[in-house]
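The structure appears right after this line, and notes come after that.
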Number of protein chains: 2
Amino acid sequence: MALKRHGRNKRLIFQLTKAINLKNLLVAFLKLIRKFFIFVVYLINLKDLTALNTKKNIKINCSVCPGRSHSMFNDLTNDELDQLSQHKTCIRYKKGQTLFYEGTRPMGLFCINSGKVKVYKISSEGKEQILNLSKPGDFLGYRALISEEFYNASATVIEEGAICYIPKSDFLGILHSNPLFFNKMMKRICQELGLMEDKLVTIAQKSVRERLAATLLMLKETYGMEGVDSNLIDIALSREDLANIIGTATETVIRLLSDFKNQQLISLQGKKIKVLNPKGLIREADFYGR
Amino acid sequence: MALKRHGRNKRLIFQLTKAINLKNLLVAFLKLIRKFFIFVVYLINLKDLTALNTKKNIKINCSVCPGRSHSMFNDLTNDELDQLSQHKTCIRYKKGQTLFYEGTRPMGLFCINSGKVKVYKISSEGKEQILNLSKPGDFLGYRALISEEFYNASATVIEEGAICYIPKSDFLGILHSNPLFFNKMMKRICQELGLMEDKLVTIAQKSVRERLAATLLMLKETYGMEGVDSNLIDIALSREDLANIIGTATETVIRLLSDFKNQQLISLQGKKIKVLNPKGLIREADFYGR
DNA sequence: GCTCAAACATGACTTAAGTCATTTTTTGAT
DNA sequence: ATCAAAAAATGACTTAAGTCATGTTTGAGC
């Protein structure tokens with residue numbers, strides 16, 4: 001897809017050796033410096049630092065977790081839940097704090113008690129691609145834990161909440177001692193693989209307009225309010241986040257959103273979006289020929 | 001991404017009722033007819049029909065399967081292999097024959113003895129997106145089998161070969177009676193999920209040129225010849241297939257390939273592609289700023 | 001309530017890549 | 001060997017969506 005914002009500012013180290021004349025050498029050097037600084041900026045996440053001292057340990061019992069009903073832990077016995085809780089730590093996270101970084105080694109499982117988290121990868125051009133949004137009751141990081149690889153993505157809190165952390169050994173212990181649970185996890189991961197394939201096809205084949213419409217509908221399903229206001233999408237996503245979900249530029253999302261607004265398909269209430277005409281959006285999502 | 005070839009020729013049934021004037025009604029009707037014909041064409045795959053009578057049952061022993069060394073069945077005992085083979089059927093497939101269609105119910109596992117298979121989805125616009133290329137030793141269809149869903153994709157032979165079919169119950173039997181094997185499958189699927197996430201980011205963020213270069217390198221790794229000619233990509237992919245892997249138009253692939261050829265990065269030997277300058281391709285794949 | 005930075009919005013312009021049309025080459029069947 | 005159909009190649013043109021610049025609104029912190 002993608003024209004790139006920083007497409008032409010990159011160079012690989014080995015090319016240094018090939019830059020024979022001074023100008024080339026200088027350019028290569030500067031690009032290397034630039035790359036280094038990008039890396040440092042990546043490591044030092046300012047929001048993390050400022051938020052560090054606000055972390056505090058809290059006590060949360062799994063059995064009263066609001067997400068429990070649709071959690072994978074749903075039908076574990078109380079004994080097993082106790083076993084998981086033994087070394088569990090629960091921490092309150094503020095918006096912008098990062099649970100784990102791509103490329104690091106997973107040491108345990110994150111389980112969201114409250115709040116919302118985005119799971120994303122940073123491409124070589126430095127652009128973020130959101131792979132998933134997680135909500136209370138969801139697990140995070142089990143893929144890497146099970147396949148014994150490094151994290152394949154990063155996870156950052158987008159709406160403040162409490163998140164529990166279960167050490168690797170406790171989780172794997174239950175996983176291997178309870179075949180039913182293992183089976184359930186297996187099925188879930190297979191489903192997720194199917195969903196990921198669907199996402200791939202969507203991004204590869206549909207226009208940005210169609211993808212935005214489809215994403216709005218998906219968000220309405222997942223984060224729609226209960227009861228009367230069921231068309232209000234209850235998640236504080238910036239236009240940039242939205243752009244990073246559908247894989248496009250922020251400006252494009254803004255333009256399309258006001259387009260949809262003009263067409264009375266949605267209305268914008270502050271940060272939150274309300275779906276006025278779901279059928280219209282479905283039409284936009286499928287094909288937008290008129 | 002995508003401007004679409006048939007973007008404006010579609011309409012849903014319910015809209016028929018809304019077309020009040022005669023012209024709209026006629027247009028809607030024609031579009032409906034068109035959609036119906038597309039559906040019929042989808043159902044009647046001519047290549048399948050003409051190839052039907054060439055199928056014949058053959059006997060293949062798993063223990064001599066050329067792909068066994070890197071197959072998931074690799075370290076099953078001979079007893080277990082016998083058990084799997086009991087109701088196994090092996091059939092020779094010609095190019096263009098389809099193993100299974102998206103949306104149908106899986107009844108067993110396909111295991112490739114020889115030949116190559118593409119796994120793909122057809123988008124609502126009728127365009128094909130290739131998700132995977134499978135080679136001897138690979139499994140097909142286990143995801144749907146395990147998650148007990150319908151096939152999420154279709155699989156069609158692109159290079160003639162022999163493919164074995166193991167009934168669902170036999171496969172699931174081994175899966176649930178051999179925890180080590182179950183575990184191994186679980187890990188594999190987790191890895192695959194990771195790979196799929198990577199693919200998603202690549203398609204969402206990289207330009208077509210970068211993706212083509214990356215795909216050529218991947219194909220060289222996977223299908224490169226043994227020994228001297230290790231840079232010859234030994235898979236008969238049409239330009240269209242290649243376009244459907246990277247998610248672009250056939251013409252674009254053709255143009256870029258002759259571009260790469262002019263740059264001496266590759267050479268075209270009939271259908272097959274030879275990588276002349278891997279480092280150059282790596283550079284193209286990462287960033288093509290100059 | 002005021003300030004300032006971040007987020008949102010909009011216009012102008014550029015370009016990668018899609019689409020359509022036509023020609024050339026390859027391939028497989030008779 | 002011949003022919004027709006499929007695949008590959010190339011040119012001309014269009015457009016979705018990216019990029020850059022600049023202005024406006026919002027909201028968190030003092």
Side-chain angles (χ1 to χ4, degrees), chain A residues 1-9 46-47 50-51 54 94-96 123 125-127 158 160 203-213 236-244 246-262 268-273 284 287-289, chain B residues 1-9 46-47 50-51 54 94-96 123 125-127 158 160 203-213 236-244 246-262 268-273 284 287-289:
Chain A
M1 74 142 349
L3 323 177
K4 245 74 43 43
R5 273 163 203 263
H6 310 106
R8 34 197 77 187
N9 304 327
L46 215 81
K47 286 180 187 164
T50 54
T54 66
K94 289 212 166 168
K95 180 177 171 177
S123 73
E125 283 86 17
K127 222 187 158 237
I158 53 173
E160 172 169 0
I203 288 206
Q205 309 262 358
K206 296 212 162 198
S207 71
V208 170
R209 188 186 188 87
E210 290 169 320
R211 279 183 272 154
L212 178 59
L237 280 178
S238 68
R239 303 295 137 99
E240 194 180 352
D241 284 332
L242 210 41
N244 293 340
I246 68 182
T248 187
T250 311
E251 294 96 323
T252 306
V253 169
I254 291 172
R255 264 184 259 273
L256 287 175
L257 281 180
S258 39
D259 239 51
F260 286 167
K261 194 175 129 195
N262 288 339
L268 306 174
Q269 315 196 340
K271 269 213 186 302
K272 308 236 166 137
I273 297 169
E284 291 283 356
F287 340 94
Y288 61 107
Chain B
M1 75 146 343
L3 321 179
K4 246 70 48 41
R5 275 165 201 264
H6 309 107
R8 35 197 76 187
N9 305 326
L46 216 80
K47 286 181 187 163
T50 53
T54 66
K94 289 212 165 170
K95 180 177 170 175
S123 73
E125 283 85 18
K127 219 183 162 243
I158 54 173
E160 171 169 3
I203 288 206
Q205 308 263 0
K206 297 213 159 196
S207 71
V208 170
R209 190 188 187 85
E210 291 168 319
R211 278 183 272 154
L212 178 59
L237 281 178
S238 67
R239 303 295 136 99
E240 194 181 351
D241 283 332
L242 210 42
N244 293 340
I246 68 181
T248 187
T250 311
E251 295 95 323
T252 305
V253 169
I254 291 171
R255 266 183 257 272
L256 287 174
L257 281 180
S258 39
D259 240 49
F260 286 167
K261 192 175 132 196
N262 288 338
L268 306 174
Q269 316 196 340
K271 268 213 185 303
K272 308 236 166 139
I273 297 169
E284 292 282 357
F287 342 93
Y288 62 107

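Chain letters run A, B, ... following the sequence lines, proteins first, then strands; residues in each count from 1.
Evaluation of the side-chain hydrogen bond (donor to acceptor under 3.5 Å, both in side chains) rule for A/Lys272 yields A/Asp234 as partners, not counting sequence neighbours. Checked against side chain to side chain contact (heavy atoms under 4.5 Å, CB included), A/Ala243 has the following partners two or more places apart in sequence or in another chain: A/Thr248, A/Thr250, A/Val253. Residues forming a side chain to side chain contact (heavy atoms under 4.5 Å, CB included) with A/Ser258 (at least two apart in sequence, or on another chain): none.
In this structure, the CZ atom of B/Arg209 is 15 Å from the P atom of C/dT15, given to the nearest Å. For the pair B/Gln269 CD and C/dT26 C1', the interatomic distance rounds to 16 Å; values are reported in whole Å. Residue A/Gln205 contributes atom CD, which lies 16 Å from atom C1' of D/dA16 at whole-angstrom precision. The nearest whole Å value for the distance from the NZ atom in A/Lys206 to the P atom in D/dA16 is 16 Å. B/Ile203 has its CD1 atom 19 Å from the P atom of C/dA16, to the nearest Å. Between B/Ile158 atom CD1 and D/dA7 atom C1' the separation is 16 Å, expressed in whole Å. Rounded to an integer number of Å, the gap from NZ of A/Lys272 to P of D/dG27 is 12 Å. If you take CG of A/Leu212 and P of D/dA16, they are 16 Å apart, rounded to a whole angstrom.
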Exercise for the section: Let me have a per-nucleotide readout for nucleotides 8-13 of chain D, 5' to 3', with B, S or -, counting only protein heavy atoms under 4.0 Å. Expected result: SBBBB-
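To the nearest 0.5 Å, atom CG of residue A/Asn244 and atom OG of residue A/Ser123 are 9.5 Å apart. Separation of atoms CZ (A/Arg239) and CZ (A/Arg255) is listed at 13.5 Å; rounding is to 0.5 Å.
Side-chain contact between B/Glu284 and B/Arg209: present, with at least one pair of heavy atoms (C-beta onward) separated by less than 4.5 Å.
Remark on the helix from C/dG1-D/dC30 to C/dT30-D/dA1: inter-end axis angle 50°, axes from five-pair C1' superpositions, rounded to 10°.
Listed for the B/Arg211 side chain is a donor-acceptor partner under 3.5 Å among the backbone atoms of B/Ile246.
Heavy-atom minimum distance, B/Ala249 versus B/Lys127: N-NZ, 4.4 Å. The shortest heavy-atom contact between A/Gln205 and B/Glu125 is O-OE1, 4.4 Å.
For the pair B/Ser207 and C/dA16, the criterion of a side-chain N or O lying under 4.0 Å from OP1 or OP2 is not met.
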